[in-house]
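In what follows, a single structure is set out as structure tokens and then discussed.
All ligand and atom numbering here is 1-based and tracks the order in the structure. Position 1 is the first residue of the sequence; numbering continues from there.
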Amino acid sequence: MGRMPVIAGNWKMHKTVPEARALARAVRAGADGARHCLTVLAPPFTALAAVAEELRGSALLLAAQNVHWEARGAYTGEISIPMLEDLGCTMVIVGHSERRQYFGETDLTVNRRVRALVRSSLQPIVCIGETLAEREAGNHYEIVFQQLAGGLDGLTAGDALRIILAYEPVWAIGTGRTASPEVAQEMHAAIRGWLAARFGGEAAGAVRILYGGSVKPENIGALMAQSDIDGALVGGACLEAESFLRIVHYDSQGSQSKGGQVHS
Ligand code: PEP
């Protein structure tokens with residue numbers, strides 16, 4: 001089964017509604033014709049409805065940056081899965097390192113979100129990745145496997161088919177320091193090996209593993225040339241249409257998927 005690449009822009013806490021509309025419109029104009037990958041925009045909650053309107057009728061997909069695991073209730077400040085479904089979202093970023101670092105996200109809360117999402121129409125993009133200290137101590141595989149075991153606890157192989165992973169080494173996020181394609185590929189292959197051991201070969205072959213961490217127009221081509229890198233989660237470079245579109249069009253040759261038949 002092939003893996004249709006995903007290029008997702010995480011807008012983080014950027015863009016007012018008019019700014020978000022303008023960016024979404026510009027990205028749509030440049031990316032709607034792309035057939036070699038899925039293009040995903042993840043604006044802040046406040047701009048989801050406006051961006052949904054801008055993307056209506058296009059091939060671009062809408063994602064949220066977080067979600068609560070309960071469908072409703074007394075959870076001040078939280079947003080539920082039905083609320084996101086209602087807005088036209090199809091994906092949700094879960095467990096981003098900034099959520100883990102600044103807002104107390106743990107593997108347990110990641111797991112609650114993921115379990116709720118695999119029972120919904122939304123696809124989780126589950127973020128994992130080690131810090132610089134963990135890599136320098138040689139613990140990076142252990143940490144990433146721990147995050148996978150915790151975050152994906154209780155999932156079946158069928159559930160696993162519904163998730164997307166994003167390997168984002170924390171030392172590469174927003175620092176301008178990208179993992180080399182070889183270093184990233186090594187971890188992506190290890191993650192796929194972990195998936196095979198946990199969920200079997202079919203799921204391991206189908207799950208998309210995105211790379212994130214200072215992805216730019218200049219390095220996306222070499223990253224995408226790696227056999228286990230199935231796309232990118234882009235932060236800083238997605239805030240301008242021009243740079244994000246250059247990333248989306250990493251393959252100016254047109255259609256490409258990894259491993260044969262396309263699995264979207
Ligand atoms: C991110 O936050 O997911 C990210 C990869 O950010 P940046 O591209 O800015 O490093």
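For the residue pair Trp171 / Glu130, a side-chain donor-acceptor distance below 3.5 Å is found, with atom types taken as modelled. Using a 3.5 Å distance cut-off with no hydrogens or angles, the side chains of Thr109 and Glu105 do pair a donor with an acceptor.
Remark: ligand 1 atoms within the under-4.0 Å shell around heavy atoms of Gly213 are 5 (C), 10 (O). Ligand 1 places these atoms under 4.0 Å from at least one heavy atom of Gly235: 4 (C), 5 (C), 6 (O), 7 (P), 8 (O), 9 (O). Per-residue contacts place Gly174 under 4.0 angstrom from the following atoms of ligand 1 (heavy atoms of the residue considered): 7 (P), 9 (O), 10 (O). Each of the atoms 7 (P), 8 (O), 9 (O) of ligand 1 lies under 4.0 Å from some heavy atom of Gly236.
Below 3.5 Å of separation, one finds no N or O of Val234 facing any N or O of ligand 1. By the 3.5 Å distance cut-off applied to N or O atoms, Leu233 is not counted among the residues near ligand 1. Of the N or O atoms in Gly212, none lie within a sub-3.5 Å distance of an N or O in ligand 1. The distance criterion of under 3.5 Å between nitrogen or oxygen atoms is met by His96 with respect to ligand 1.
Between Tyr250 and His36, the ring planes lie perpendicular to each other; the angle is over 60°, past the 30° to 60° tilted range. Using bins of under 30°, 30° to 60° and over 60° for the plane-to-plane angle, the ring pair Trp194/Phe145 lands in the parallel bin.
Evaluated for a side chain to side chain donor-acceptor pair (under 3.5 Å) with Asp230, the options Arg208, His188, Arg192 yield exactly one hit, Arg192. Of the candidates Asp107, Thr106, Thr131, Arg100 forms a side chain to side chain donor-acceptor pair (under 3.5 Å) with just one, namely Asp107.
In this structure, Arg112 is positioned above the aromatic face of Trp69, its NZ or CZ under 6.0 Å from the six-membered ring centre and within 45° of the axis.
Of the charged side-chain nitrogens involved, at least one lies within less than 4.0 Å of a carboxylate oxygen, so that Asp153 and Arg115 count as a salt-bridged pair. By the 4.0 Å N-to-carboxylate-O rule, Lys12 lies close enough to Glu98 to be salt-bridged with it.
Ligand 1 lies less than 4.0 angstrom from a heavy atom belonging to Lys12. Residue contacts with ligand 1 include Ser214, since one or more of its heavy atoms lies under 4.0 Å from the ligand. A heavy-atom separation below 4.0 Å is not found between Cys238 and ligand 1.
At a heavy-atom distance under 4.0 Å, only backbone atoms of Ala172 (N, CA, C or O) approach ligand 1.
Scanning Gln65, Glu168, Arg177, Glu98 for the heavy atom closest to atom 5 (C) of ligand 1 points to Glu168.
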